[in-house]
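Keep in mind that this is a model prediction, so the values were computed, not measured. Note on naming: letters A, B, ... go to the chains in the order of the sequence lines (proteins, then strands), and numbering restarts at 1 for each one. What's counted below: heavy atoms across the whole structure, side chains too, no hydrogens, waters or symmetry copies.
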Amino acid sequence: MAEKELAATAMRWFDENARDLPWREPDVGAWAILVSEVMLQQTPVVRVLPAWRAWLARWPVPAALAADPPAEAIRMWGRLGYPRRALRLRECAVAIVERHGGQVPTQLDELLALPGVGTYTARAVAAFAYGQRHPVVDTNVRRLVARAVAGEPDAGPATRPADLVATAELLPVEPARAARASAAFMELGALVCVARAPRCVDCPLASMCAWRASGRTAPVGPTRRPQRYAGTDRQVRGMLLAVLRETTGPVHRDRLDLVWDDDAQRARALAGLVDDGLVEPVGEAYVLAGDRHLADRRIPGPRPAAGPEAGVDPV
DNA sequence: TAATCGTGGGC
DNA sequence: TGCCCAAGATT
């Protein structure tokens, strides 16, 4: 009972307060929605907006992206973070061309089988692009349901099957309305029922919120967060990739040496980038994956190559 | 299950 | 300033 009421109230609020996001326009196709969902994985909306427009202007259909080398996708990804997503999105485009005739598949299991598409993204596409009735559970929805329904101050660290079940029970029966309810829950979680300082004063669900009814109990223990960034391999990877991204053609390793002092850590980070398929070694230099054809460009380095360069020959 | 994987803005 | 956090996926 209260469940239906929750969705109905959230949707009424959504009618008046939804942000004007371009991927919510009615004529937006499944590919554009899929691209937005991947970009929005752990990346704020404001940073995604321009990247999404540029990406779709260049690759309006999956086949277009599939036809370009990974390096182009990595560059276009810019500074959105987690560049493996760019790689996977391109692999995703390849899979869509090979397995689905260039059309984003409609079935949940087919979507889940795509590279870089997990529990959340598959359901988001099925619901928002195709109007199917699936629970769409992201961090916002989990937090909102944990508070409003379970009366807890926060959700657990990862999405579990039980989260999908709990959210599914809140959704209206009619598929299109269910999808809209999911969007409304997400928006409420993103704008009102936020993590740090929830704005219960502005929340339409306040009167039916279990957490608020309990007096907004505090979290039990300090939720551990091993998130540090400074000095990690992640930071070094980011700095190395930034240099490669902004350079056309091979970057000599002596140049990459300038990026980070710790030899062992720098080597580890670089090896990781190669291992992930983001970067390729070319002789004594490195390029973004798929840019080996630029190896005949002059490689900036202190020592001009004498004789035929080892390892530069195309395979 | 928990760790890993970028980046930048807000407080 | 340093920490928290943002529409997760993968191993």
message = Quick check on DNA chain B: between A:Pro157 and A:Arg84, whose nearest nucleotide comes earlier from the 5' end?
response =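 Comparing both residues, the 5'-ward one is A:Pro157.
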request  = Let me know, please, whether A:Asp276 or A:Arg196 comes out on the 5' side of the other along DNA chain B by nearest nucleotide.
outcome  =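 Result: A:Asp276.
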query = Counting N and O atoms only, with roles assigned by atom type, does the side chain of A:Arg88 sit under 3.5 Å from a partner on the main chain of A:Pro83, one being a donor and the other an acceptor?
reply =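 Pair absent, no side-chain N/O of A:Arg88 close to backbone of A:Pro83.
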ask   = Any sub-3.5 Å donor-acceptor pair from A:Thr167's side-chain atoms to A:Leu164's backbone N or O?
value =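 A pair under 3.5 Å: no.
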If we take the [atom1] atom in both [N] and [M], what is their distance in whole Å?
N	M	atom1	answer
B:dG9	C:dA9	C1'	24 Å
C:dC4	B:dA3	P	16 Å
B:dA2	C:dA7	P	23 Å

Touch check for [X], heavy atoms < 4.0 angstrom, all strands: base, sugar-phosphate only, or nothing?
X	result
A:Arg19	base
A:Ala190	sugar-phosphate
A:Trp23	base
A:Leu21	base
A:Thr232	nothing
A:Leu80	base

message = Any residue in residues 104-127 of chain A with a heavy atom nearer than 4.0 angstrom to DNA chain B? Just list them by number, or reply none.
response =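 Here the set is empty: none.
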request  = Kindly state which residues belonging to residues 39-65 of chain A come within less than 4.0 angstrom of DNA chain B, counting heavy atoms of the residue only, listed by number.
outcome  =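 Going residue by residue through residues 39-65 of chain A, the ones with a heavy atom under 4.0 Å of DNA chain B turn out to be A:Gln42, A:Thr43, A:Arg47.
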key: Closest listed nucleotide, where the reference is the side chain of A:Ala195 and the choices are C:dC5, C:dA7, B:dG6   =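 The listed nucleotide nearest to A:Ala195's side chain is C:dC5.
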task = Could you please name the option among C:dT10, B:dG6, B:dG8 that lies closest to any side-chain atom of A:Arg88?
result =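 My answer, after comparing the listed nucleotides, is C:dT10.
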query = Which residue, A:Glu37, A:Arg24, A:Arg180, forms the side-chain contact (heavy atoms from CB on, under 4.5 Å) with A:Phe128?
reply =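 Of all the options given, the one that passes is A:Glu37.
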For [N], does OP1 or OP2 lie under 4.0 Å from any side-chain N or O of [X]?
X	N	result
A:Tyr82	C:dG8	no
A:Arg160	B:dT1	yes
A:Arg85	B:dT4	no

key: Close aromatic pair by centroid cut-off 6.0 Å: A:Trp59 and A:Trp31   =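 No, ring centres 6.0 Å or more apart.
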Send over the distance from [X] [atom1] to [N] [atom2], rounded to a whole Å.
X	N	atom1	atom2	answer
A:Asp154	C:dA6	CG	C1'	14 Å
A:Asp233	B:dC5	CG	P	6 Å
A:Met186	C:dA6	CE	P	12 Å
A:Leu87	C:dA9	CG	C1'	14 Å
A:Arg234	C:dT10	CZ	C1'	13 Å
A:Ile74	B:dT7	CD1	P	12 Å
A:Asp138	C:dA9	CG	P	10 Å
A:Leu164	C:dA7	CG	P	17 Å

Answer with yes or no whether the side chains of [Y] and [X] bring together a donor and an acceptor at under 3.5 Å.
X	Y	result
A:Gln265	A:Trp260	yes
A:Glu187	A:Asn17	no
A:Thr43	A:Arg85	yes

key: Option among A:Arg234, A:Gln42, A:Gln41 that satisfies the side-chain hydrogen bond (donor to acceptor under 3.5 Å, both in side chains) test with A:Tyr82   =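 Running side-chain hydrogen bond (donor to acceptor under 3.5 Å, both in side chains) over A:Arg234, A:Gln42, A:Gln41 with A:Tyr82 returns exactly one hit, A:Arg234.
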How long is the gap from [atom1] on [X] to [atom2] on [Y], to the nearest 0.5 Å?
X	Y	atom1	atom2	answer
A:Arg143	A:Asp138	CZ	CG	8.0 Å
A:Leu240	A:Arg266	CG	CZ	8.0 Å
A:Leu278	A:Arg245	CG	CZ	10.0 Å

